[in-house]
Every structure is written in structure tokens, then in C-alpha cells.
Amino acid sequence: QVQLVESGGGLVQPGGSLRLSCAAAGNIFGINTMNWYRQAPGKERELVAAITTGGRSEYADSVKGRFTISRDNAKNTVFLQMNSLKPEDTAVYYCNVDLVVTGPYRRLKLWGQGTLVTVSS
């Protein structure tokens, strides 16, 4: 059994910062790409940032220069540092992890439970 546990959301004023975390726990053999998505009210879920095992990262144009994705491979954890937040960043943020588990070996893509980020004055 493998699960993802997210933390770090909340209410922040425009221009502020938040750091999201997502930890994978369970019978994990290895983790490939780790991603952050978000879904705003009335909109489709969109990819915000992705990071490979080797640390190569990609970002949506809307967050480039403001958000930073990172990972701690020893702790099976991915982070999203969000700076200069804007009201349009308000959304539920989801981590998504591509991993291989044991017992038996198989590849899975899992979603976290989501954490709400609200940017408002």
C-alpha cells in the first residue's frame, strides 16, 4: 500500500509565499517523475511543474520565475515553493507521482489528496 500525503496549503495575501510538500510512503521501489497540478474552480486541472529523478524541472508559463519545484529522493518527497503569489494562483494543488512499487512489482501513477491554496487580501 502506497499513499501520498500533502501539506502546506492555506490562505496568503497577494505577493506572499507558501511551500507545499508531498511525501510518498509505503512499499516503494523507485520514483520517477514527480508533478504538481492545480485545479481552480470551474477550470480543468493543469500541470504546474514537474521534476525528473535527476532534477530536471519544467514549469507552466504562468508560474515561471515564481514557483520552484524540488525533491528529496531520500525522503520520497516533492516540494513546491510558491513566491509572489497572485489571486489567480488560487486553486486546489495536487501532487502526482510516477513510481514503482513492490509486492508485486508494478508501475503506478498516484494522486495526493489535494491542498487548497487561497490568495486573497
Side-chain angles (χ1 to χ4, degrees):
Q1 193 84 0
V2 178
Q3 59 179 328
L4 305 180
V5 178
E6 297 184 32
S7 62
L11 173 64
V12 64
Q13 292 186 342
S17 298
L18 281 175
R19 189 187 195 214
L20 307 183
S21 300
C22 173
N27 51 321
I28 298 169
F29 177 76
I31 297 180
N32 302 313
T33 302
M34 306 180 86
N35 311 292
W36 286 100
Y37 285 77
R38 68 185 180 186
Q39 188 166 19
K43 295 188 176 182
E44 293 187 354
R45 191 171 296 189
E46 63 173 350
L47 179 63
V48 174
I51 187 167
T52 66
T53 306
R56 183 170 60 86
S57 58
E58 296 181 345
Y59 298 92
D61 288 343
S62 58
V63 307
K64 281 181 182 177
R66 300 188 297 121
F67 290 11
T68 302
I69 189 171
S70 60
R71 60 191 285 172
D72 183 335
N73 291 329
K75 296 182 179 180
N76 294 331
T77 300
V78 62
F79 305 97
L80 186 68
Q81 177 67 43
M82 305 184 293
N83 299 328
S84 303
L85 283 160
K86 305 175 181 180
E88 51 263 43
D89 294 318
T90 296
V92 178
Y93 285 72
Y94 298 90
C95 62
N96 170 257
V97 176
D98 180 358
L99 48 75
V100 176
V101 301
T102 62
Y105 284 92
R106 62 195 186 280
R107 185 174 179 178
L108 301 175
K109 290 189 176 182
L110 299 180
W111 291 91
Q113 81 276 15
T115 186
L116 178 62
V117 171
T118 303
V119 185
S120 175
S121 54

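None of the values given here were measured: they were computed from a predicted structure.
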> Can you get from Trp111 to Tyr93 by hopping between Ile, Leu, Val, Met, Phe, Trp and Tyr side chains that sit under 4.5 Å apart?
no
> Carefully, step by step, assess Trp36 and Cys22 under the rule side chain to side chain contact (heavy atoms under 4.5 Å, CB included).
CA-CA 9 Å; Trp36 286 100; Cys22 173; 3.7 Å; yes
> Please identify each residue that fulfils side-chain hydrogen bond (donor to acceptor under 3.5 Å, both in side chains) with Gln81, with sequence neighbours left out.
Asn83
> Mind checking whether Asn35 and Leu47 have side chains closer than 4.5 Å, heavy atoms only?
yes
> Please confirm whether the backbone N or O of Thr77 pairs with a side-chain atom of Asp72, one donor and one acceptor, at under 3.5 Å?
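No, because the side chain of Asp72 does not come within donor-acceptor range (under 3.5 Å) of the backbone of Thr77.
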> To the nearest 0.5 angstrom, please state how far the OG atom of Ser21 sits from the CD atom of Glu6.
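Between atom OG of Ser21 and atom CD of Glu6 there are 9.5 Å.
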> According to side-chain hydrogen bond (donor to acceptor under 3.5 Å, both in side chains), who are the partners of Ser70, at least two apart in sequence or on a separate chain?
none
> With sequence neighbours excluded, what pairs up with Arg107 under the salt bridge (Lys or Arg N to Asp or Glu O under 4.0 Å) test?
Asp98
> Taking C-beta and beyond as the side chain, do Arg106 and Pro104 meet within less than 4.5 Å on heavy atoms?
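Of all side-chain heavy-atom pairs linking Pro104 with Arg106, at least one is under 4.5 Å.
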> Taking the side chain as every heavy atom from C-beta outward, state whether Val78 and Leu80 have any atom pair closer than 4.5 Å.
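Val78 does not reach Leu80 side chain to side chain.
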> Could you give me the CA-CA distance, side-chain angles and deciding distance for Leu18 and Leu85, then say whether side chain to side chain contact (heavy atoms under 4.5 Å, CB included) is met?
CA-CA 8 Å; Leu18 281 175; Leu85 283 160; 4.2 Å; yes
> Taking only residues two or more places apart in sequence or in another chain, which ones pass side-chain hydrogen bond (donor to acceptor under 3.5 Å, both in side chains) with Asp61?
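Once residues adjacent in sequence are excluded, the partners of Asp61 under the side-chain hydrogen bond (donor to acceptor under 3.5 Å, both in side chains) criterion are Lys64.
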> Can you sort out the partners of Ser121 under side chain to side chain contact (heavy atoms under 4.5 Å, CB included), two or more places apart, ordered by chain and number?
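Applying side chain to side chain contact (heavy atoms under 4.5 Å, CB included) to Ser121 gives Pro14.
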> Taking C-beta and beyond as the side chain, do Thr90 and Ser120 meet within less than 4.5 Å on heavy atoms?
no
> Identify, with sequence neighbours excluded, every residue that meets salt bridge (Lys or Arg N to Asp or Glu O under 4.0 Å) alongside Arg66.
Asp89
> Thr53 side chain to Ile31 main-chain N or O, any donor-acceptor pair under 3.5 Å?
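Yes, because the side chain of Thr53 sits within donor-acceptor range (under 3.5 Å) of the backbone of Ile31.
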> Checking the side chain of Gln39 only, and the main-chain atoms of Ala91 only, is there a donor and an acceptor separated by less than 3.5 Å?
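A pair under 3.5 Å: no.
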> Give a yes or no on whether Val5 and Val117 share a hydrophobic cluster (residues Ile, Leu, Val, Met, Phe, Trp, Tyr; joining criterion: side-chain heavy atoms under 4.5 Å apart).
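No; tracing contacts between hydrophobic side chains, which count when under 4.5 Å, never links both residues.
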> Do Asn27 and Val2 come within less than 4.5 Å of each other through their side chains, counting heavy atoms only?
yes
> Residues two or more places apart in sequence or in another chain: which of them pass side chain to side chain contact (heavy atoms under 4.5 Å, CB included) with Ala25?
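Partners of Ala25 under the side chain to side chain contact (heavy atoms under 4.5 Å, CB included) test: none.
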> Applying side-chain hydrogen bond (donor to acceptor under 3.5 Å, both in side chains), name anything that partners Glu46, two or more places apart in sequence or on another chain.
Arg38
> Tell me, please, which residues at least two apart from Tyr59 pass ring pair (Phe, Tyr, Trp, His ring centres under 6.0 Å).
none
> With a 4.5 Å cut-off on side-chain heavy atoms, are Val97 and Lys109 touching?
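Answer no - side chains too far apart.
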> Under the ring pair (Phe, Tyr, Trp, His ring centres under 6.0 Å) rule, what pairs show up with a residue in residues 63-82, not counting sequence neighbours?
none
> So, using salt bridge (Lys or Arg N to Asp or Glu O under 4.0 Å) as the criterion, who are the partners of Lys43 when residues are at least two apart?
none
> Any non-hydrogen side-chain atom of Phe29 less than 4.5 Å from a side-chain atom of Tyr105?
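Phe29 reaches Tyr105 side chain to side chain.
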> Please determine whether the number of non-hydrogen atoms from other residues, nucleotides or ligands lying under 6.0 Å from atom CD of Glu44 exceeds 12.
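Atom CD in Glu44 is not crowded, with 12 or fewer foreign heavy atoms closer than 6.0 Å.
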> Under the salt bridge (Lys or Arg N to Asp or Glu O under 4.0 Å) rule, collect the residues that match up with Arg56, sequence neighbours excluded.
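Applying salt bridge (Lys or Arg N to Asp or Glu O under 4.0 Å) to Arg56 gives Glu58.
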